[in-house]
Amino acid sequence: MDYKLIDLNIHGDNRGKLIALESNKDVPFEIKRIYWIYDTLPNEERGHHSHPNMKQLVVAMDGSCEFELDDGYSKVNITLNRPDLGLYIGKNIWRVMKNFSYGCKLMVLASDYYDESEYIRNYDKFLNEVKNA
Ligand code: TYD
C-alpha cells in the first residue's frame, strides 16, 4: 500500500522545537494546498473517500486520531499522536479518520488544489477504480 510514516526532522533547542517541511524534500510531492481540521469530536468519523490523483501528508499537530487506510486489497490502522510524525498517503487509498481526541488538530498538506469532482466518495466506485487501474 502506498503510505509511509515519516519521522519529521526536529530543530530543537532550549527555547522549544521547530519543524519545517519543504516540497519534494521532507514531503514527497509539491505542496499546492494546506488545510487543517480542528474542534474534532471523538464520536465523529471523517474522510470516507479516496483520491485518484492526489497525495497528502497528515500531521496531528495536537492530540491524536486514527487513520484506517484501505487500498482495496488490505487495510491498515495508524495512530497519529505526535507533531513530529507525518503520515504520507498516496493515490487511490480509501481513508477513514476516527477516534479523534477532543480538540485534535490535524494539518494536511496536499499535492493539488481542492476539486470536489476529483473525490471518490462511494466505496464501490473506489473498489472499481482500483481493481481496474
Ligand atoms: P470533507 O471532504 O467532508 O472533509 P474530510 O476529508 O475531513 O471528511 O470536507 C468538509 C468541507 O470542506 C466540504 O464542504 C468541502 C470543504 N473543503 C474545501 O472547501 N476545501 C478543501 O481543501 C477541503 C479539504 C474541504
Side-chain angles (χ1 to χ4, degrees):
M1 195 183 305
D2 187 22
Y3 81 96
K4 198 165 35 168
L5 279 166
I6 303 174
D7 282 314
L8 306 174
N9 195 18
I10 304 171
H11 305 275
D13 56 32
N14 55 9
R15 298 168 301 166
K17 291 177 179 159
L18 182 155
I19 291 176
L21 300 178
E22 297 189 2
S23 287
N24 298 316
K25 293 181 183 170
D26 318 277
V27 179
F29 52 80
E30 190 183 328
I31 302 160
K32 291 218 178 126
R33 178 166 51 109
I34 303 174
Y35 61 93
W36 46 97
I37 294 169
Y38 62 104
D39 274 356
T40 52
L41 294 170
N43 49 347
E44 296 291 344
E45 294 189 352
R46 305 193 63 110
H48 292 275
H49 63 250
S50 68
H51 297 285
N53 294 305
M54 194 165 60
K55 303 165 199 167
Q56 297 187 320
L57 185 114
V58 191
V59 181
M61 304 301 283
D62 197 13
S64 65
C65 82
E66 255 175 60
F67 270 73
E68 187 181 287
L69 303 182
D70 175 353
D71 65 358
Y73 297 93
S74 60
K75 290 184 186 184
V76 288
N77 263 289
I78 290 154
T79 300
L80 286 187
N81 55 8
R82 290 163 24 207
D84 60 347
L85 182 67
L87 170 62
Y88 164 78
I89 306 174
K91 300 172 183 179
N92 278 323
I93 294 188
W94 187 263
R95 83 281 320 266
V96 177
M97 295 101 97
K98 56 187 178 188
N99 291 331
F100 286 94
S101 63
Y102 274 107
C104 168
K105 294 173 185 64
L106 276 190
M107 179 183 69
V108 186
L109 311 180
S111 67
D112 224 326
Y113 302 113
Y114 175 69
D115 174 7
E116 183 58 40
S117 69
E118 190 263 350
Y119 278 65
I120 296 183
R121 293 188 184 272
N122 176 288
Y123 189 71
D124 290 334
K125 190 173 169 205
F126 157 73
L127 284 182
N128 232 18
E129 181 91 9
V130 294
K131 306 282 174 182
N132 294 318

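The figures here come from the full heavy-atom set of this structure, side chains too, leaving out hydrogens, waters and symmetry mates.
- Partners of Leu5 according to the side chain to side chain contact (heavy atoms under 4.5 Å, CB included) rule, which considers only residues two or more places apart in sequence or in another chain, are Ile78, Leu80, Leu85, Leu87.
- Every side chain to side chain contact (heavy atoms under 4.5 Å, CB included) that Tyr119 has, sequence neighbours left out, goes to His49, His51, Tyr114, Glu116, Arg121.
- Contact detail for Ser101 and Thr40: the closest heavy-atom pair is O-OG1, 3.3 Å.
- Under the side chain to side chain donor-acceptor pair (under 3.5 Å) criterion, Asp39 pairs with no residue at all, not counting sequence neighbours.
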Got a list of side-chain donor-acceptor pairs under 3.5 Å for residues 63-72, not counting sequence neighbours?
from, atom 1, to, atom 2, distance (Å)
Glu66, OE2, Asn99, ND2, 3.0
Glu68, OE1, Lys98, NZ, 2.9
Asp70, OD1, Gly72, N, 2.7
Asp70, OD2, Tyr123, OH, 2.5
Asp71, OD1, Tyr73, N, 2.9
Asp71, OD1, Ser74, N, 2.9

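- A pairwise comparison of heavy atoms in Ala60 and Asn81 identifies CB-N, 4.3 Å as the closest pair.
- For Lys17, the salt bridge (charged side-chain N to carboxylate O under 4.0 Å, His left out) criterion is met by no residue, not counting sequence neighbours.
- At distances below 3.5 Å, not a single donor-acceptor pair connects side-chain atoms of Lys32 with backbone N or O atoms of Glu30.
- The two atoms that bring Lys91 and Lys55 nearest to each other are CE-CE, 3.8 Å, heavy atoms only.
- In this structure, Glu118 contributes its side chain and Asn53 its backbone to a donor-acceptor pair below 3.5 Å.
- Ile34 approaches Met107 most closely through the heavy-atom pair CG2-CG, 4.1 Å.
- By the side chain to side chain donor-acceptor pair (under 3.5 Å) test, Asp7 pairs with Arg82, sequence neighbours left out.
- The closest donor-acceptor contact from the side chain of Asn128 to the backbone of Asp124 lies at 3.5 Å or more, if one exists at all.
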